[in-house]
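Just so it is clear, the model here is predicted, and its values are computed rather than measured. Note that ligands are numbered from 1 as they come in the structure, with each ligand's atoms numbered from 1 the same way.
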Amino acid sequence: MKGYIQLLEYVENLPEDATSYISKAVASINKLQHLIDELLDASKIEAGKLKFDKDILNLTDLVNMCIENSNCMYQMPGIKVYGNAERLEQVLMNLINNAVKYSPENKEIIVGAKSDLNCAIVSVTDFGIGMSELDQRKIFERFYRVDGHESSTPGLGVGLYIASKIIQEHGGEISVKSKLHEGSVFSFSLPLANIEQGTRKY
Ligand SMILES: Nc1ncnc2c1ncn2[C@@H]1O[C@H](COP(=O)(O)OP(=O)(O)OP(=O)(O)O)[C@@H](O)[C@H]1O
Ligand SMILES: [Mg+2]
């Protein structure tokens, strides 16, 4: 049945109503299929007959794939800002690289993005070596590196300086909250996009 309905999706010049009914029918069939599969699994478990092969697999890839799938399924609206994608990627990659570099013992890193009424906020949290209050006030300066980091970790001390300038240029702010030996949270804000910013006049 699903096959026939899916074939209908390829018929050209269908009225708009029909296309929407077909997508709805396909979605219902998928849900039904999922339900049946689950019931079958449940009864196999009861009968002690749920069998599957095992193999060495990459769990990180699997988790990423599930996140991608759910993003498609639930069509998250996403947070819209007005900016330069390459430059913002440069900022975020520097924060992630720093989080990895300065967390020799604990590699768990949490990256998140959220928005409130006025702005979007991206944060990178690590549970690494952290830094003192004095260093927190200086790390966005050009070539500043925390004492002792020069010898232990490669770097120029310009990543955060450049990041702060890029964020400033976007009308946002970058900041750090950190505790020595406990970890750091770097956050930057960006103004949310408004409709006029996306419209171009030719
Ligand atoms: N997550 C972090 N935890 C602890 N210290 C950090 C962290 N991120 C940055 N720092 C400190 O701030 C300094 C400045 O960071 P910045 O990214 O500007 O330079 P870098 O990583 O040393 O070199 P690069 O120019 O290659 O980015 C670092 O040298 C380090 O001392
Ligand atoms: Mg860096």
Identify, by atom number and element, the atoms of ligand 1 in contact range of [X], meaning under 4.0 Å from any of its heavy atoms.
{"X": "Phe186", "value": "1 (N), 2 (C), 7 (C), 8 (N)"}
{"X": "Val158", "value": "18 (O), 19 (O), 25 (O)"}
{"X": "His149", "value": "5 (N), 30 (C), 31 (O)"}

May I ask you to check whether [X] has an N/O atom sitting below 3.5 Å from an N/O atom of ligand 1?
{"X": "Leu156", "result": "yes"}
{"X": "Gly155", "result": "no"}
{"X": "Tyr144", "result": "no"}
{"X": "Ile139", "result": "no"}
{"X": "Pro154", "result": "no"}

Just let me know how Asp135 lines up against ligand 1, side chain, backbone, both or neither, with a heavy-atom cut-off below 4.0 Å.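 The answer is neither.
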
List, by chain and number, the other hydrophobic cluster members for Ile45, where Ile, Leu, Val, Met, Phe, Trp and Tyr join if side-chain heavy atoms come within less than 4.5 Å, directly or indirectly.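 Besides Ile45, the cluster holds Leu50, Phe52.
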
Is Arg87 atom CZ crowded by more than 12 heavy atoms from other residues, nucleotides or ligands, each under 6.0 Å away?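 Not buried by this count: 12 neighbours or fewer within 6.0 Å.
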
Check the surroundings of atom CD in Glu9: do more than 12 heavy atoms from other residues, nucleotides or ligands lie under 6.0 Å from it?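 Counting other residues, nucleotides and ligands, CD of Glu9 exceeds 12 neighbours.
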
Protein heavy atom at shortest distance from atom 28 (C) of ligand 1: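 Result: Tyr102 OH, 3.3 Å.
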
Quick check on Gly128 - does any of its heavy atoms sit under 4.0 Å from an atom of ligand 1?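 No, Gly128 has no heavy atoms under 4.0 Å from ligand 1.
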
Phe143 with Val176, same ILVMFWY side-chain cluster at under 4.5 Å: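 Yes, same cluster.
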
For the Mg ion (ligand 2), which protein N/O/S atoms are closer than 2.8 Å?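 Under 2.8 Å from the Mg ion (ligand 2) - ignoring waters, which are not counted - the protein N, O or S atoms are Asn94 OD1, Asn98 OD1.
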
Are His170 and Tyr82 an aromatic pair, judged by ring center distance below 6.0 Å?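 Distance test on ring centres: not under 6.0 Å, no.
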
